[in-house]
Amino acid sequence: MAVAIDTPLRQVFDYRAPAGTAAGPGYRVWVPFGRRRVVGVVVEGRDDTEVPSEKLRAAFEVIDDEPTFSAELLALLTWAAEYYRHPVGEVLSSAMPVHLRNGAPLRQETILWRLTDQGREQALATLPARSVRLRAIAEYLLNHAQAPASEILSATESPLSALRNLETRGFVEQFAREAPETGPVSIVRAGPPLNEAQAAAVERITNTLGSFASHLLYGVTGSGKTEVYLHAIAAVLARGHQALVLVPEISLTPQLIARFRGRFDAPLAVLHSGLNDTERMAAWRDAREGTARIVIGTRSAVFSPLPQPGLIIIDEEHDPSFKQQDGFRYSARDLALVRAQRLGIPVVLGSATPSLETLARARKQPETMSRLPERAGSAKPPKLFLVDLRKNAATQGIATPTVMAIRRHLDEGGQVMLFINRRGYAPVLFCPNCGWSAHCRRCDAHLTVHARGRDLICHHCGSQEPLIAGCPNCFADVKPVGQGTERIEETLENLFTGAPLARIDRDSMRRKGELEATLERVNRGEIRILVGTQMLTKGHDFPKVTLVVVLNADQGLFSTDFRAPERLAQTIVQVAGRAGRAERPGEVLIQTEYPDHPLLTLLLTGGYAAFADGALTEREQSHWPPFARIALLRAEATDQQAPLQFLHSARALADDYPVRGVRLLGPAPSPMERRAGRFRAQLLLHAPTHSPLQRFMSGWLTAVAMLPEARKVRWSIDVDAAELS
DNA sequence: AGCACGCCGACT
DNA sequence: GTCGGCGTGCTC
């Protein structure tokens, strides 16, 4: 049998079945591997092998009496390993909770304790009053009928010996919990009435239940996408099927979960990064056994086991967090589409700012696109204005017209939100005398001034240094240059004395619950001015905000990354969507030095749709995705030359594997060559469609992996790379 | 990745 | 004389 093992080796290993047993695809097995004993997953049950019999070893044992992965999930995972050119053993391993990777049994019988008939009748009557613990346990079980030992012991503050004592007396007994009841009941509560567009979207989606269709739910913030999801899910539950909902990490909030729980009395499994291994195992098991009717989770939840799949939803489908940026570099959004297609179920992609890939797909099938134009509560969409930074004086990054607008909104009782995509006080510490600036020792990057000027922190490797007052070169006074959230906060405090202000970024919201608490204060109106990073754009609603300011729109306009303008437009529209939710129309100011930039013009005059049309035309003309396919071969090493040498050799090898249409660009050092002490370089593969690219990689990468230079670097391939850095 | 083997430097 | 540095090879 062929077994996938958690190792970077790009192959599977053949084993003889353990004596007297057989294991089909999807089963986990303990196998000898080198000198180790490891968990593997059977990917093919066949007995034939080309491995010489003296090398072939027998598996030790089959772990469970049922497969860990269904045929469907195993096929999806092996397909993904192939597509993303990642070792299949690592892919399968990453799709399992840690306990399963380490060989824990798939089903864990929960051992519960309960009173025996004798115990129920006699325990309290016969146990002496001084046996406080024993009596407490008996009493607890009279009230609770059954409970795990851990719960009983912690509730009664007793040692395990007390429970054992009662067992010896015949008062309590342990038993394994029966298999979960089949066919869990899903109760759906009525939601608010749908508007016309929402109802049409729900109908379009539910009409395709039972077959593959990809729906784009294109609705501005506040247009009620979640309500459409909830109605579609209700239809799925009614058919006895499960729904899988994928969301970006940051928007998986208690409020969202509460909204699902409020609507459905159906078991819900939540999968996110905050779970510990045991919780993750439990949620995974609930999904696999069908106990959970709705599975809601972040990126990796796309690999949830689902015995009765009915619908997949991807909320905020444009969000970059759906693409894993290290190791197994998959896109959960793309895999959700593949999975839905293989399963023959519909998938819903929801966004106010769909990715250009998704828009291009929707153009080909306009019938699958549902637009939700209306804003709930019929508030007017916000008006966008540009503030020309070349013509207007700025105080610490805030232009005079912006200051005036903020004052006006504050005077009128509105709330103001300022967005700047840069944490810290200032991005550069500079010596005006000699031109020196503070650089990270381990990265090709400036150190950011932090904590109102007490620390220097590298945003790329996290290293931290105390701030210096004098230039190490010429001893002149150094000064912070540029703006970060902290400095904007300081400037605003000075400009608008007395206006309560809050800053929301990764630094100010470190502690758990702090973000929720601050958002609560904002929505109660205790905060008048809000400064923050990307965090502000993700999922939260600010109904009282009437003015939104985008302080630095220009970073995205001239980037080397072809996706930068798309990201910028998405950010602007997402931030703008936070304004004017209530009766007041919102106003959005975008500060820029390039007010005539065509993409900004499109965004302002025609909104995201016009921008996307323009950007798609540009992509088509310059042959970038979605009008081409790319992959990036990356390499890094502590030695500066090694990555480039490896990539040059890799490129030279390409001549041996000619495939029409595949072009190689580079190698070149990465945009930030040195990061955390390692030098990085990359080689770009480009092809008109995926199939020649895939054909090329299948031969070429095997040879690349065998290059002697490959041993001197850490290399990886990134298929459909999202960031060219 | 792990893990072992193997051949050259500074020390219990 | 050993402990251990990381180069090289292998994992069915």
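In what follows, chains are A, B, ... by sequence order, proteins preceding strands, each numbered from 1. These figures come from a predicted structure and were not determined experimentally.
Counting any heavy atom pair closer than 4.0 Å across all strands shown, A:R16 reaches no nucleic acid atom. Using a 4.0 Å heavy-atom criterion, one finds that A:I5 contacts no nucleic acid atom at all. A:Y15 comes within 4.0 angstrom of the backbone, heavy atoms only, and of no base. Within the nucleic acid shown, A:Q11 comes within 4.0 Å of at least one base atom, counting heavy atoms only. Backbone-only engagement by A:P32 is indicated by non-hydrogen atom pairs under 4.0 Å involving sugar-phosphate atoms exclusively.
Separating the CZ atom of A:F328 from the P atom of B:dA1 is a distance of 18 Å, rounded to the nearest angstrom. Note: CD (A:E50) to C1' (C:dC12) measures 12 Å, nearest angstrom. Look at CZ on A:R101: it is 16 Å from P on B:dA1, rounded to the nearest Å. Taking atom CZ of A:F33 as the reference point, atom C1' of C:dT11 lies 4 Å away to the nearest angstrom.
Checking the phosphate oxygens (OP1, OP2) of C:dC12, a side-chain nitrogen or oxygen of A:R57 falls inside 4.0 Å.
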Side-chain polar contacts of residues 95-104 of chain A - donor-acceptor pairs under 3.5 angstrom, sequence neighbours left out - could you list them?
residue, atom, partner, partner atom, Å
A:H99, NE2, A:T278, OG1, 3.4
A:R101, NE, A:S93, O, 2.8
A:R101, NE, A:M96, O, 3.0
A:R101, NH2, A:M96, O, 3.0
A:N102, ND2, A:V98, O, 3.4

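With no hydrogens or angles considered, a side-chain donor-acceptor pair links A:E249 and A:S273 at under 3.5 Å. Side-chain polar atoms of A:D505 and A:T533 form no donor-acceptor pair below 3.5 angstrom.
Note: A:F322 CZ to A:L349 CG = 9.5 Å, rounded to the nearest 0.5 Å.
Among the nucleotides C:dC12, B:dA4, C:dT8, the one closest to the side chain of A:R35 is B:dA4.
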